[in-house]
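The structure under discussion appears below in the form of structure tokens.
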Amino acid sequence: MKEANMDRRVRKTRRVLRQCLTTLLKEKKIQEITVREIAEMADINRGTFYLHYKDVYDLMEQIENELMAELEEVLNHHSVQDLMVQPSLIFKELYPMVQKNSDIISLLMGQNGDLSFVNRLQAILRERFVKHWQNLNNWGDPDSLEAYSSFIVTGCIGVVQYWLDSGMREGPEHMAALTEHFILKGIGGLEKKEGIIDAAKREHGA
């Protein structure tokens with residue numbers, strides 16, 4: 001029981017520290033944030049902070065690692081074969097994950113965010129899909145496959161960022177259908193009189 005209580009206190013402290021860092025990142029760049037600021041906002045002493053993290057950058061890195069681990073878990077839920085036919089399968093899990101962590105993800109992907117986070121995100125997605133696409137098909141031109149995967153991955157990340165910047169007005173399931181429509185239909189979807197958003201809704205019974 002004591003160990004469970006300790007784990008609960010650790011999780012609570014780390015959650016508060018994450019919230020404090022997120023709040024400060026809305027006002028300044030990470031280079032300008034100090035351990036003292038975070039500790040004071042969290043109402044703890046600096047010694048307690050150092051029990052959990054080496055410095056502010058370590059706190060940020062651990063947050064990013066947790067997000068990446070969650071992304072990897074989502075990616076492992078579906079085979080690439082399924083995703084090639086119905087990409088929305090993964091996006092139905094991805095968008096709720098983004099929504100749950102929207103406070104920190106919007107900052108990491110924003111103007112004053114962490115470019116290394118976006119680069120890591122792109123690298124994980126490209127490596128995952130290029131590797132599996134190569135195993136599934138006899139692609140004649142590996143460079144073209146790399147270029148295509150970069151196009152898809154960058155576009156999907158852009159749609160997620162647009163969703164965050166627009167205040168997540170649409171629900172996660174709608175955005176999953178919309179992103180799938182972009183991937184499968186491309187610019188051709190814009191030619192439909194009903195519009196690409198209405199088409200995505202119709203295709204998924206929304």
Side-chain angles (χ1 to χ4, degrees), residues 7-33 35 37-39 41-44 49 52-78 83 87-129 152-180 182-183 200 206:
D7 289 343
R8 195 178 306 116
R9 286 198 295 271
V10 168
R11 290 195 300 270
K12 180 180 178 181
T13 299
R14 291 184 176 181
R15 183 170 62 250
V16 170
L17 291 173
R18 166 179 165 153
Q19 292 170 345
C20 292
L21 178 60
T22 300
T23 298
L24 290 169
L25 283 170
K26 294 177 182 178
E27 304 170 358
K28 57 181 73 176
K29 296 180 180 179
I30 190 170
Q31 298 92 328
E32 302 169 345
I33 298 174
V35 171
E37 284 181 291
I38 296 175
M41 183 175 289
D43 195 23
I44 62 173
F49 177 95
H52 299 275
Y53 305 103
K54 292 185 296 184
D55 50 31
V56 177
Y57 293 100
D58 184 43
L59 169 56
M60 174 63 81
E61 183 178 359
Q62 294 304 316
I63 292 172
E64 293 181 2
N65 287 342
E66 290 172 8
L67 291 171
M68 293 300 173
E70 196 167 350
L71 171 63
E72 291 274 12
E73 185 176 352
V74 170
L75 291 173
N76 289 332
H77 285 173
H78 305 285
L83 297 179
S88 64
L89 290 172
I90 196 168
F91 293 115
K92 285 180 179 179
E93 294 187 56
L94 179 62
Y95 278 105
M97 173 201 147
V98 171
Q99 188 177 50
K100 181 182 70 174
N101 299 284
S102 61
D103 55 348
I104 189 66
I105 292 179
S106 61
L107 292 170
L108 290 171
M109 296 179 68
Q111 185 175 3
N112 294 323
D114 185 358
L115 183 59
S116 66
F117 172 78
V118 178
N119 289 338
R120 284 180 65 190
L121 181 60
Q122 291 177 335
I124 287 175
L125 294 172
R126 280 202 306 269
E127 191 276 336
R128 175 64 62 97
F129 291 114
I152 293 296
V153 167
T154 303
C156 290
I157 291 176
V159 173
V160 169
Q161 189 164 5
Y162 159 79
W163 186 53
L164 290 168
D165 292 343
S166 63
M168 298 181 291
R169 293 190 300 265
E170 301 288 351
E173 189 165 340
H174 169 81
M175 291 303 300
L178 184 62
T179 306
E180 177 180 281
F182 283 143
I183 293 172

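- One distance of note links OG of Ser102 with CE of Met97; it measures 11.5 Å at 0.5 Å rounding.
- Scanning for side chain to side chain donor-acceptor pair (under 3.5 Å) contacts around Arg14 gives His52, with sequence neighbours left out.
- Within the structure, every pair that satisfies the salt bridge (charged side-chain N to carboxylate O under 4.0 Å, His left out) test and touches residues 59-69, not counting sequence neighbours, is listed here: Glu64-Arg120.
- Partners of Val159 according to the side chain to side chain contact (heavy atoms under 4.5 Å, CB included) rule, which considers only residues two or more places apart in sequence or in another chain, are Tyr95, Met175, Thr179, Phe182.
- In this structure, CD1 in Ile157 is found 4.0 Å from CG in Leu121, a value given to the nearest 0.5 Å.
- Residue Ile63 holds its CD1 atom at 10.0 Å from CG of Leu107, rounded to the nearest 0.5 Å.
- Every residue was checked against the side chain to side chain donor-acceptor pair (under 3.5 Å) condition with Asp103, not counting sequence neighbours, and none meets it.
- Annotation: ring-ring contact (aromatic ring centres under 6.0 Å, His included) contacts of Tyr53 (sequence neighbours excluded): Phe49.
- To the nearest 0.5 Å, atom CG of residue Leu164 and atom CG of residue Asn101 are 10.5 Å apart.
- Under the side chain to side chain contact (heavy atoms under 4.5 Å, CB included) criterion, Asp43 pairs with no residue at all, not counting sequence neighbours.
- Here Leu178 contributes atom CG and Ile183 contributes atom CD1; the two are 10.0 Å apart, rounded to the nearest 0.5 Å.
- Proximity of Leu75 to Leu125: side-chain heavy atoms (C-beta onward) are separated by under 4.5 Å at one or more points.
- When all heavy atoms of Pro172 and Gln99 are compared, the closest pair comes out as CG-OE1, 3.4 Å.
- Here Asp55 pairs with Tyr57, Asp58 under the side chain to side chain contact (heavy atoms under 4.5 Å, CB included) rule; sequence neighbours left out.
- Smallest separation of non-hydrogen atoms from Arg169 and Trp163: N-NE1, 4.3 Å.
- Using a 4.5 Å cut-off on side-chain heavy atoms (C-beta onward), Val56 and Glu37 make no contact.
- Among residues two or more places apart in sequence or in another chain, the side chain to side chain contact (heavy atoms under 4.5 Å, CB included) test is passed with Glu93 by Val74, His77, His78.
- Residue Leu17 comes nearest to Ala42 through the heavy atom pair CD2-CB, 3.9 Å, listed as atom of the first residue, atom of the second, then distance.
- By the side chain to side chain donor-acceptor pair (under 3.5 Å) test, Glu70 pairs with Lys100, sequence neighbours left out.
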Indicate every side-chain donor-acceptor pair of residues 19-27 with a distance under 3.5 Å to a residue at least two apart or in another chain.
residue	atom	partner	partner atom	Å
Thr22	OG1	Arg18	O	2.9
Thr23	OG1	Gln19	O	3.0

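- Considering only residues two or more places apart in sequence or on other chains, Asn76 meets the side chain to side chain donor-acceptor pair (under 3.5 Å) condition with Arg128.
- The two atoms that bring Ala176 and Ser88 nearest to each other are O-CB, 3.8 Å, heavy atoms only.
- Interatomic distance, CD of Gln62 versus CG of Leu67, reported as 11.5 Å (0.5 Å rounding).
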